[in-house]
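In what follows, a single structure is set out as structure tokens and then discussed.
Only a predicted model underlies this, so the values are computations on that prediction, with no experimental measurement involved. All chains are named by letter (A, B, ...) in the order of the sequence lines, taking the proteins before the strands, and each is independently numbered beginning at 1.
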Amino acid sequence: MKFTFGKKDKLKSQKLIERLFLEGKSVSAYPLRLVYLQTNFDDGSTLKTGVSVSKRNFKSAVHRNRIKRLLRESYRLNKRLYFNNITTSYALMILYIGKDKPDYDTVNTKMKTVLSSFLEKISRD
RNA sequence: CAAGUAAAUCGCCUUAUCGCUCUGCAUGAAAGUGUAGGGAGGAAAGUCCGAACACCAAAGUGCAACAUAGUGGUUAAUGGCCACCGGUCGUGAGAUUAGGAAAAGUGCAACAGAAAGCAAGUACAGGUUAAGCUGUAGUGAAAUCAGGUAAACUCUAUGUGGUGCAAUGUCAUGUAUACCAACGUUUGAGGGCUGCACGUUCGAUUGUUGGAGGGUAGACAGCUAAAGUGUAUUGGUAACAAUGCAUUCAGAUAAAUGAUAAGGGUCACGCCUUGGCGCGAUACAGAAUUCGGCUUAUAGAUUUACUUGUAAA
RNA sequence: GACUCGGUAGCUCAGCUGGUAGAGCAUAACACUUUUAAUGUUAGGGUCCUGGGUUCGAGCCCCAGCCGGGUCA
């Protein structure tokens, strides 16, 4: 798996996102929360991931964009370490639930903990 | 030199590594891969005006409603902009200004005051047969003249059909013209997107409201070459216009335009001291159909013109 | 994207066509009571969301902004 995060790896279907929030389970490591749902995709990709920041906590579009870019970047760099040997398909949504603007280091370390706890949880099930 | 006024411009840079999105070309059955190039703003914001464009009864008539309000110009258009006149503020450069009509009518004016209409008349002085008959004072934003007030109703002039890219068209997927209640309906219900009326047209597999539910919410076009941008000349006080030359400059859709590291620039502060060191800051803000304006936010930097004060020549 | 409603005391709200801003609850003091609660009397508390304008005078009228609700596929 490469360090890429292209169109096929992004979660885009509105229907699937609705189902994800209705039926999905979640793990969290403040200020991040990961919502996941086991499913199947038609185009052959194993994981589809989206990121989201609440408009309630961050009014400025610039700040929201900045946080989403940080989340996407840290997911892109870390996903090879965790999902290289994964077989089942999942839809993921990573939410930022904090109220302060983060820097890259905290997002990166928290991303690692939330991904590892996700792996632990699905291997237990 | 100090303080200020107006107008205009810019608003971080370089390198390395790893990425995102669009377009062209090559390759491939396809997914993709390789390669070349493009990729946020002066406000992209607020959605306050004006248009383009699209659809909606022949885009009908009247009323209502709303907007604007000195004069002239400018523009595709405007409630924007420019020039001039008048008012207000400032020593000044300048700033600001919804600035038509009170002899069409209706209303309003607290407190004070005799009185802010339709009825009266305070104090002092004068004056007369008599009398608010005359003058002054006093109250108040305004006091005998009928005035003020229209960002009070109103009148006058001018303008406005409605809805908005979630418009609209094509394709795909799925379904319920079902059920319950009330009211109405070939004696014309109801629809054709408007607040009302009229007119016109369609019109019987029946309409409206409420309840309780079912389904879709994908793709493509619209979608970016345009009242475009830069520059020069000419006309005009100016807004702006005309002509020549050059140029092609985002198109995403849970929504790209980035992340990390190093170095530099600019500004403020501190230290030594006159160019180094340290530390901090580097704004407001992120396209979503497209333009022209307006309004609001904005660290800091630059340029031009001018005013006032002080000093020197 | 298109519309619409509101902002007044610590809280919930009045204030309708402009003339010194009120009510209830809450707070404080006093009285009553052995004490508290309840009750009674009194007092304090307001940039009327912000900034301009019209007016002699704006909570109210006009303009611009800020904040918070709600509706429409």
**Request:** For B:G147 and B:A104, measure between their P atoms and round to the nearest Å.
**Result:** 12 Å
**Base B:C20 to side chain A:Arg76, donor-acceptor N/O within 3.5 Å cut-off** = no
**Fill in**
By nearest-heavy-atom nucleotide on RNA chain B, the more 5' of A:Glu73 and A:His63 is A:Glu73
**Prompt:** Any ion pair linking A:Asp9 and A:Arg76 (charged N to carboxylate O, less than 4.0 Å)?
**Reply:** no
**Request:** Quote, to the nearest angstrom, the P distance that separates B:C66 from B:A120.
**Result:** 43 Å
**Prompt:** Given that both distances must come in under 3.5 Å, which nucleotide forms a Watson-Crick or G-U wobble pair with B:A76?
**Reply:** none
**Fill in**
Against the side chain of A:Lys10, the closest entry in B:A255, B:A40, B:G19 is B:A255
**Request:** Name the nucleic acid region contacted by A:Arg64, choosing base, sugar-phosphate or nothing; use a 4.0 angstrom heavy-atom cut-off, strictly under.
**Result:** nothing
**Nucleotide nearest A:Thr4 (side chain, heavy atoms from C-beta), chosen from B:C20, B:C18, B:G286** = B:C20
**Request:** Let me know, please, whether A:Leu70 or A:Leu77 comes out on the 5' side of the other along RNA chain B by nearest nucleotide.
**Result:** A:Leu77
**Prompt:** Do any side-chain nitrogens or oxygens of A:Arg80 fall under 4.0 Å of OP1 or OP2 in B:C18?
**Reply:** no
**Message:** Checking understanding here: a glycosidic angle within 90° of 0 is syn, the rest anti, so what is B:U298?
**Reply:** anti
**Item:** A:Leu32, A:Asn108, A:Leu115 screened by side-chain contact (heavy atoms from CB on, under 4.5 Å) with A:Ser74, the one that passes
**Value:** A:Asn108
**Request:** Write down the distance between CG (A:Asn65) and P (B:A45), rounded to a whole number of angstrom.
**Result:** 14 Å
**Any donor-acceptor pair under 3.5 Å from A:Thr106 side chain to A:Pro102 backbone** = no
**Prompt:** A:Val62 has a side chain; which of B:A285, B:A259, B:G19 sits nearest to it?
**Reply:** B:A285
**Asked** Counting only side-chain N and O atoms of A:Arg66, is one of them less than 4.0 Å from OP1 or OP2 of B:G286?
**Response** no
**Item:** Anti or syn - B:C223, cut at 90° from 0
**Value:** anti
**Prompt:** Can you tell me if A:Thr49 and A:Tyr75 form a side-chain donor-acceptor pair at under 3.5 Å?
**Reply:** yes
**Message:** If you only use heavy atoms from C-beta on, which nucleotide in B:A255, B:A40, B:C20 is closest to the side chain of A:Arg72?
**Reply:** B:A255
**Request:** Quick one: classify the glycosidic conformation of B:G50 as syn or anti, with syn meaning within 90° of 0.
**Result:** anti
**Request:** Establish, with yes or no, whether the OP1 or OP2 oxygen of B:U257 is under 4.0 angstrom from a side-chain nitrogen or oxygen of A:Arg69.
**Result:** yes
